[in-house]
Structures are given as C-alpha cells and as structure tokens.
2 protein chains.
Amino acid sequence: MDSERTGDVSSTADVADLAFDVFARACPSRGTLEHVTGKWGGLILGALREGTFRFNELRRRVDGVSEKMLSQTLQALERDGLVHREAQPTNPPRVDYRLTPLGDAIAERLLALINLVEDRMPEVLTARERYDAARAESGAAAGRDAGRAALAGRGGR
Amino acid sequence: MDSERTGDVSSTADVADLAFDVFARACPSRGTLEHVTGKWGGLILGALREGTFRFNELRRRVDGVSEKMLSQTLQALERDGLVHREAQPTNPPRVDYRLTPLGDAIAERLLALINLVEDRMPEVLTARERYDAARAESGAAAGRDAGRAALAGRGGR
DNA sequence: CGGGATCCGGCTTGATACTG
DNA sequence: CAGTATCAAGCCGGATCCCG
C-alpha cells in the first residue's frame, strides 16, 4: 500500500492553493506518479491505450506480469481514476478494462517520454561506455555497477 | 555490495525481433527509463532543471532523499549521460551537478508528465473517494469480517 | 475466466558510522 | 562537504492454491 503514510489531506478546503508539489514528501501526487511510472503501470497504460481488454488479454499483452501484479496495479489505477473497470455478471465472468479520458491523457505524456528515451538510447549507450571505461581505468578491477543500473528481470516464461 | 551481477542482458540479438518495444523486457531502454521514472530519478532531474547544484544543496531540495539514494541515483544518471558531474579538488571539496542537454530534454518530458498529474490531482482525489466509498459500502453490506482492505497499489522501487 | 489470500525470498531502502 | 561501508528491516513481487 503505497498510500500516504503521513496524515491524509482530508480537509478539502485549501488544498488548491498549496498546489501539489511533487518535491514535498507528503504530496499525494507522488503516489499516483508512482503508480503510473512504476514497473507495470506504464506498460499497462500503454497497452490499454490501444483499446479495451479483458484481464487475461492484458496479461498476454504485457509480457512478464503476474496475475497478482496485474490485478494489483489495475486496482491502483482504477482507484486513481485512470482506468475504468466494467464487470459483467455473466457466466463465465467477463471484465473489461479501458482507459478513462484522464488515463489516456496521462498515458500520452508517458509514452512521449518513453519514445524520447528510446530515440536517444544510442547516446545513452555511448555515455555508459565512456563512464565504464573511465571507471575501470582509474579504479581497481572492482567494477561495480552504477546504482540499480541493470534491473532487468530474469529471463523466463 | 560488490554484487557484481552478471551484466545486463543487452545483447543485440535478444532485442532484434522487437526492436523498439518497451513492452519487451530485454529492451535496454527499460533500464534508463527506470532510472528516470524511479522513485528519486524524476525528482532529482526536476530539481536539476533549475540550475547547477552541489550535493547537499540537492539533498535539501529533494525532500526525503537519503545520502545513499541521492548518491546512487546520481551515479546512475551520470552513467546514462543525463547528468554531468564536476568535482573540484579544493578544500573543502566541491562537486557540482547539472543536466546534460540530453538530460534536459528527457527531464522536460518527464516534467510535462508530472505537471499533468499535479494539475489533474483533484480528479484523482475525487476518483479515490468514490472508489473507497463504494468499496466500504459493499464490504459492509456483505457483513464480512473487516480485513485490511486497501491493497491498492504498488509503491516501491 | 477473473480474481483473492497466503507464503516467502530478495532487492531496495534507510540509519548509522567512517573516510578524505 | 562529499561521499562510501555496513547492517537490518520492509516491502515488492512471484508462485501457488483456492473460490465464484
């Protein structure tokens, strides 16, 4: 539960003038932002940008996501009003997910970011080589990786 | 911490069939994207967008970040070529951080996303209330035991 | 099919302490 | 000031079983 650990902003009164400063620790927008930019949030939003899908369709579309995380992320996005969930009490059950207008707007900007990063990847790769080379030269043979650089996930499936 | 994990799987062969697809787990852009959208990456890039800062200035600017995470994230961003680090061997030491042109371009799109989320937070908050209310209602009506409902979202990373 | 509940390992994070 | 080293916890996220 990502929820705000600090006291919630229950008083709706003057929330507006305080603006939602992401740089402040207790800002509620931090939470939503993390849902969106999180490990699966972006991929799910991206997938939903292309239409309406059922649970297992989504699962197939977003490679590597487990039932649990898909369900969990979908709930977080639904709660934030980015995703609309429509369940039909038929048999077998059928549940459709699609973006809300708000979700689509956010997904659009997120994809703009993703596309830029992809376009510029050659530069990033070059920078990485330079950095690693300089490091191997000056430092010992330790060669630790920078931060959580290689997060990738195991192969599999 | 010298967990020299076997490098990232960015062999060119793996990504060949999907080329530019973020949806593929082996895509190298995923790594950079996570540095950028990670818990602190976005805030640090946002802070640096307003100028050049020293380590502790940055720490004060980004509320809640620990020395370790700041250092770690900064290194990852430097390695990816988004941040430039300039150290002066003076006494006391002085190190300046600033965005590279690439980092600025990426930060710009990231901030566009962040600003959108901030602007729309009222909608998000409203959606949250509706969701929570509906949830509390159905749960109470069913008369089930009061578990710890909120399994909202992911957080972490 | 569409999830909920639980167990559990491992990565990520946060204090604290130490170096230059 | 600008980090690095070490340690302990906490939470994420995967696997599994189960229900409607």
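Every chain is numbered from 1 and lettered A, B, ... according to where its sequence line falls, protein lines coming before strand lines.
Each of A:Ser71 and A:Pro92 was assigned the nucleotide of DNA chain C with the nearest heavy atom; the assignment lying further toward the 5' end belongs to A:Pro92. Nearest-nucleotide mapping onto DNA chain C: of A:Arg54 and B:Ser66, the residue sitting toward the 5' end is A:Arg54.
One finds a salt bridge joining A:Glu50 and A:Arg61 here, because a Lys/Arg side-chain nitrogen approaches an Asp/Glu carboxylate oxygen to under 4.0 Å. Classification of A:Glu67 and A:Arg59 as a salt-bridged pair holds, one side-chain N sitting under 4.0 Å from a carboxylate O. At a threshold of 4.0 Å, the pair B:Glu57-B:Arg60 does not count as salt-bridged, since none of the basic side-chain nitrogens sits closer than that to a carboxylate oxygen.
For A:Lys68 and D:dG14, the NZ to C1' distance is 7 Å, given to the nearest whole Å. Rounded to whole Å, atom C1' of D:dG13 lies 13 Å from atom CD of B:Glu34. In this structure, B:Leu70 atom CG and C:dT13 atom C1' are separated by 14 Å, rounded to whole Å. Atoms CD (A:Gln72) and P (D:dG13) sit 8 Å apart, rounded to a whole Å. Remark: P of C:dG2 and CZ of A:Phe53 are 13 Å apart, rounded to the nearest angstrom. Nucleotide D:dA2 holds its C1' atom 12 Å from the CD atom of B:Glu57, rounded to whole Å. Distance, A:His35 NE2 to D:dC11 C1': 14 Å, rounded to whole Å. The CG atom of A:Asn91 sits 13 Å away from the P atom of D:dG20 (whole-angstrom rounding).
A sub-4.0 Å separation between OP1 or OP2 of D:dT4 and a side-chain N or O of B:Gln75 is present. Contact annotation: A:Arg94 does not reach the phosphate of D:dG20 (side-chain N/O to OP1 or OP2, under 4.0 Å). Close to D:dA2, at under 4.0 Å from its OP1 or OP2, lies no side-chain N or O of B:Arg85. At the phosphate of C:dG3, OP1 or OP2 sits under 4.0 Å from a side-chain N or O atom of A:Tyr97.
Taking every side-chain heavy atom of B:Lys39 into account, C:dT13 is the closest of C:dT13, D:dG3, D:dG13. Ranking C:dC1, C:dG14, D:dG3 by closeness to the B:Phe55 side chain, first place goes to D:dG3. Considering only the side chain of A:Glu67, C:dG3 comes nearest among C:dT13, C:dG3, C:dG2.
One distance of note links CG of B:Leu45 with CD1 of B:Ile106; it measures 8.0 Å at 0.5 Å rounding.
Between the B:Asp104 side chain and the B:Thr100 main chain, no donor and acceptor come within less than 3.5 Å of each other.
Contact annotation for B:Arg59: no contact, since no heavy-atom pair falls under 4.0 Å across all strands.
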